[in-house]
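Here the structure is a predicted model, which means the values were calculated and not measured. We use all heavy atoms of the structure for the numbers below, so side chains are in, but hydrogens, waters and symmetry mates are not.
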Amino acid sequence: MIPSAANSDYPKFVADQVLTSDNLNDLFGYLDEQGRMTRTNLSGIGIVCGLEVKTSADGNSITITKGVGVTSSGYLASMDEDIIYTKRTTAIFDAVKPEYYNKFVNIASKTQKFNLWELKQEAETEGTTALTKTFLSDGEKIVLIFVELLEENNKNCDPNSCDDKGILVTVNFRPLLIEKANVADLLNGAGETASPWLTLPEITMKRFDVLATPMFECLNFFDAYRKILSNSFLSNTQDSLAKAYNVLQPLLSEDFPTNPFATLAADFK
């Protein structure tokens, strides 16, 4: 199935119009998506040419040849020369960043699905470890090129002002190692929380038949609804909202570190 465009409209400017950041970002978003969809739908994704991975006999280096490819999101990944990597990051590559890639990260829980290591060149020494045949063969590693978009706020600070100058997006090509056992999860997205909010229980409230119940004053309506609430409705609502909180807790933890619905039924009795 061919994916539909997320940006289905774009602004058209007129003379003397005051442009806002939203106007320009909407135009860029539309044109950028059209370009990326052209690549993925008309050219396809994957390696176009080059980008061959060669491991030395002693396992102490990996060479990625020059070439170009198209990512699953339509970004170009190009290398204009052969690059030799002799090291990898000592710590696991952290994929939990402001711009999530859902193949690496469970969005709901903000947790990384599997281990990744970034390849480094010889000159890069800080936080790196030399490649070894033992490391590469342990779990059988696969090389992938990750196109990472990093956002950095631009500020122009001087003694009189600190104006916001927007955001700079830097595109990085990161060669990563992944264990062969995790490749299937990477390709099909296994491990991703499958829209847990779609399986949350519905909250329904029983109604009373006004026509069949004599109502002479406001207190009669109040008692009728209180009877409904006092049965199982409040406890069921508390359970449903608690489940919703557990699913959305990573997004709500800053404002609500604990479940705010824990005593809902008791509070309204």
Side-chain angles (χ1 to χ4, degrees), residues 1 3-8 22 25-26 29 33 72-73 91-116 146 148-153 167 176 178-179 181-269:
M1 182 176 67
S4 59
N7 299 286
S8 57
D22 288 340
N25 288 329
D26 287 345
E33 185 180 49
S72 55
S73 296
I92 302 300
F93 175 76
D94 184 10
V96 183
K97 298 183 178 181
E99 287 289 335
Y100 294 124
Y101 181 50
N102 60 6
K103 297 290 187 179
F104 292 166
V105 177
N106 286 306
I107 306 301
S109 60
K110 296 183 182 179
T111 57
Q112 192 159 321
K113 296 179 183 178
F114 36 69
N115 293 336
L116 297 163
F146 175 48
E148 180 185 59
L149 306 180
L150 286 181
E151 295 185 353
E152 179 182 359
N153 289 324
I167 297 174
L176 302 177
I178 179 176
E179 293 182 346
N182 294 320
V183 171
D185 292 346
L186 174 69
L187 294 177
N188 60 29
E192 179 72 12
T193 303
S195 301
W197 45 86
L198 297 180
T199 60
L200 290 173
E202 295 184 1
I203 300 177
T204 59
M205 181 177 179
K206 183 180 178 180
R207 72 175 185 176
F208 70 95
D209 190 345
V210 178
L211 297 179
T213 306
M215 293 289 168
F216 301 105
E217 55 187 21
C218 292
L219 183 59
N220 296 138
F221 288 92
F222 180 80
D223 288 339
Y225 277 107
R226 184 171 59 180
K227 182 178 179 180
I228 293 174
L229 295 177
S230 63
N231 292 328
S232 59
F233 175 76
L234 283 176
S235 58
N236 291 339
T237 300
Q238 176 178 311
D239 292 341
S240 298
L241 292 177
K243 291 178 181 178
Y245 172 79
N246 290 334
V247 169
L248 301 173
Q249 193 270 342
L251 303 176
L252 302 175
S253 58
E254 184 174 345
D255 294 323
F256 300 97
T258 59
N259 179 13
F261 309 109
T263 61
L264 183 142
D267 293 341
F268 282 88
K269 283 184 178 180

CG (Asn182) and CG (Asn115) are apart, to the nearest 0.5 Å, by 7.5 Å
Report the distance from atom NZ of Lys113 to atom CD1 of Ile178, rounding to the nearest 0.5 Å. 10.0 Å
Least distance between heavy atoms, Phe114 atom then Phe104 atom: CE1-CD2, 4.0 Å
Pairwise distance CG(Leu234) to CG(Asp239) - rounded to 0.5 angstrom: 11.0 Å
Leu241 side, atom CG; Asn259 side, atom CG - distance, nearest 0.5 Å: 8.5 Å
Shortest non-hydrogen separation from Glu148 to Phe93 and the atoms involved: OE2-CZ, 3.9 Å
To the nearest 0.5 Å, what is the distance between CD1 (Ile92) and CG (Leu176)? 11.0 Å
